[in-house]
Amino acid sequence: MRWEPLQSRFINSLIVGFCWLTMVGGDAACAQTARSGAGRTTQQLAQPVSLTWQEVPLATALDRLAATQSIAVWLDRRIDPSMPINLTVADQSVADVLKELGEQVSAVAIPFAGVVYIGPQQTADELTTLAELAREPLAKAPAALRNAWLKPQPSSYARLSRPRELLTQLAKDASATAIDLEQIPHDLWPARELPAMAAIDRAVLLLAGFDLTCRLSADGRQLAVVPIERPVVVSREYRVVPSRAAAFQEVLSQMPSAAASGEKSRPIVVARSEEHDQLRAALAGRSSVAGASSAAAPRRLVKPSGADSLASRRFTLTIENKPLAPVLAQLASQLNLQINWDAAIPDTAEGRNTLVSCQVDRANLDDLLNALLAPAGFAYERQEASISIRRQ
C-alpha cells in the first residue's frame, strides 16, 4: 500500500481535511459541516494506536480500525476481505497502521472524497480523474440538479445490499434515473457507513470495483453506467504567461503520459487530474509537494508538513454578478487569509468592487482565485495565506 499525495488536488485530504466552500445562495452550511468532519478525521488519523493482529481477516481488521478510530474505509470488492493480517504496532499513527496493513495485501490506499479507498493500483490511479470526468456535464445542469449531485450527504448501506439497487436509489435521491444497470454484475455487499460526500463521488466509488464508471446527461437527470474508457485523462486549455512558460514546460516534460497540442502560450493538455494540478501549480509559481518528476510515478500519501495546509482545501462556489472585494473578504474570513490589494487599484466599481461571476466545483484555492480574478483582469501571487492582487 502506498500513501499518495494527490498534489494540490487532494494533498492529504484525509490527514489534512477535505473542505467544501459552498456559497450558492449565500449558504455556507455545507462548508461548516465538511470542515468540522475534516477536523475530526485529521485528529483520528494522527492518533497513536497500539494493536496486535494475528491471522485476523482483512475485513475484520479494517472494521475494527474504522470503528475505534472513527474513519471511513472503502475496500474494493476485488481485494479478498478474508485475507489474514498479522500486524503488531505500538504507538504508531493510524495512517502508519493502514500503510503497513496494506502492504500485506498488495493494495494501494488513497484518500478519496473523505474515505480511505483500498484497492488495485490502476483504480487508485484513475479514481480522482474519473470523479472529475463524471462532474463535467453538471457545469450546464440546472442549479437544483447540480446541487443534488454535489452537495455532500452521509449515507449507509445495509448488509447484503445489491449495487444495482444502491445506484438506482442514489440516482433517485438526486432526482435522476439510472440506466444501463445490467452492466453491473450481481453482487452482495457488506454493511457500510459513509461520511458526507457528493452523490456523484459515491456513484464513481460504487462502480469502480466493476471497472465501470458513470456518465451524466447534460441536464443531470440521467445517470448511465458505462465501461471505463482508457486512458483516463482530462483535456484542459491553459494560458501560459511568458514569465511562467519555462516552469510550465519543465513540469510538462516530466509527464510522459501527458499530451500537449496547440500554441505554447495556449496549450491544450490531456493528462490525469493530478498532473493538471501540478501544471496549475507551476503557473501559480509554486512547486508541488512531490515535485514535478513524480507525475507518472506511484504516489504516496504523506503527513502534512504544515507548509501550505491550504493546498488540501476544496471549494465549490457559484456566484453571479457580485462585487469582487466582499467575495474575497468572505473567503479571507473563512480561511484566515490576508488579502493585499495593489494601491493602484481603486476601491470602486471599476476596481476592487467590479462585478464577477464564477462557478467552480472541488477546485483548489489557486484555481478558485484564478476563476474569480482572471476574468476581471486581475492577477495574484500567493505565499501560503498571503495573497497579493494586481492588474494583469
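Computed from a predicted model, the values in this text were never measured in an experiment. Note that the numbering runs from 1 along the sequence shown for the chain.
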With distance as the sole test, does Ser161 use its side chain to make a donor-acceptor pair with the main-chain N or O of Ala158 at under 3.5 Å?
yes

Are any of the side-chain nitrogens in Arg391 or Asp342 under 4.0 Å away from the carboxylate oxygens of its partner?
no

Hey, does the side chain of Ser217 reach the backbone of Gln222 with a donor-acceptor pair shorter than 3.5 angstrom?
yes

Under 3.5 Å, is there a donor-acceptor pair between the side chain of Arg78 and the main chain of Gly119?
no

Do Leu130 and Leu207 have side-chain heavy atoms sitting under 4.5 Å apart?
no

Any donor-acceptor pair under 3.5 Å linking the side-chain atoms of Ser386 with those of Gln338?
no

Determine, for Glu126 against Arg272, whether the closest basic-nitrogen to carboxylate-oxygen distance falls under 4.0 angstrom.
no

Are Val233 and Val204 connected into the same hydrophobic cluster when the rule is that any two of I, L, V, M, F, W, Y join if their side-chain heavy atoms are below 4.5 Å apart?
no

Closest approach of Ala245 to Val240 (non-hydrogen atoms, all atoms of both residues):
CA-CG1, 3.5 Å

Residues, nucleotides or ligands: over 12 heavy atoms within 6.0 Å of Arg159 CZ:
no

Hey, are the side chains of Phe378 and Leu324 touching, using non-hydrogen atoms and a 4.5 Å cut-off?
yes

Might you confirm whether atom CD of Glu182 has over 12 heavy atoms from other residues, nucleotides or ligands at distances under 6.0 Å?
yes

Test Gln92 against Val94 for side chain to side chain contact (heavy atoms under 4.5 Å, CB included), laying out the working first.
CA-CA 7 Å; Gln92 292 190 28; Val94 176; over 6 Å; no

Quick one: does Glu381's side chain have a donor or acceptor within less than 3.5 Å of a partner on Ile389's backbone?
no

Check the angle between the aromatic planes of Trp189 and Tyr157 and answer parallel, tilted or perpendicular using the 30° and 60° thresholds.
tilted

If the threshold is 4.0 Å, N to carboxylate O, is there a salt bridge linking Glu229 and Arg215?
yes

No-hydrogen, no-angle side-chain donor-acceptor test under 3.5 Å, Asn86 and Gln104:
no

Report the C-alpha separation of Asp63 and Arg192 in whole Å, then their side-chain angles, then the decisive distance to 0.1 Å, and conclude whether the salt bridge (charged side-chain N to carboxylate O under 4.0 Å, His left out) test is met.
CA-CA 10 Å; Asp63 285 346; Arg192 282 192 171 106; over 6 Å; no

Among side-chain atoms of Arg382 and Ser388, is any donor-acceptor pair under 3.5 angstrom?
no

With Phe248 via ring pair (Phe, Tyr, Trp, His ring centres under 6.0 Å) - residues at least two apart
Tyr238

Gly220 and Leu145: which non-hydrogen atoms are nearest, and at how many Å?
O-CD1, 3.6 Å

Distance-minimising heavy-atom pair for Val234 and His276
O-NE2, 2.7 Å

Inspect the contact between Asp96 and Lys99 and indicate whether a charged nitrogen and a carboxylate oxygen are less than 4.0 angstrom apart.
no

Side chains of Asp366 and Leu283: does their closest heavy-atom pair fall under 4.5 Å?
no

Tightest non-hydrogen contact, residues Pro256 and Gln254, listed as CD-O, 3.2 Å

I'd like to know if the side chain of Thr68 reaches the main chain of Arg64, judged simply by a donor and an acceptor atom lying under 3.5 Å from each other, with no hydrogens or angles considered.
yes

Between Ser357 and Asn321, is there a donor-acceptor pair closer than 3.5 Å when you use the side chain of the first and the backbone of the second?
yes

Taking NZ, NE, NH1 and NH2 as the nitrogens, is one of them in Glu136 or Arg236 under 4.0 Å from a carboxylate oxygen of the other?
yes

May I have the step-by-step check of side chain to side chain contact (heavy atoms under 4.5 Å, CB included) for Leu65 and Val73, ending in yes or no?
CA-CA 9 Å; Leu65 196 63; Val73 177; over 6 Å; no

Value rounded to 0.5 Å, distance of CG in Leu87 from CG in Leu101
6.5 Å

To check you understand the geometry: which heavy-atom pair defines the closest contact between Pro137 and Leu133, and what is its length?
CD-O, 3.7 Å

Test side chain to side chain contact (heavy atoms under 4.5 Å, CB included) applied to Ile184 and Val225, step by step:
CA-CA 8 Å; Ile184 306 175; Val225 177; 4.1 Å; yes

Strictly below 4.0 Å, N to O, side chains only: are Asp219 and Lys140 in salt-bridge contact?
no

Which atom pair, heavy atoms only, marks the closest approach of Ile345 to Arg352?
O-NE, 2.9 Å

Looking at Arg162 and Asp187, would you say the former's side chain and the latter's main chain have a donor-acceptor pair under 3.5 Å?
no

Report yes if the side chains of Gln183 and Pro227 come closer than 4.5 Å at any heavy-atom pair, otherwise no.
yes

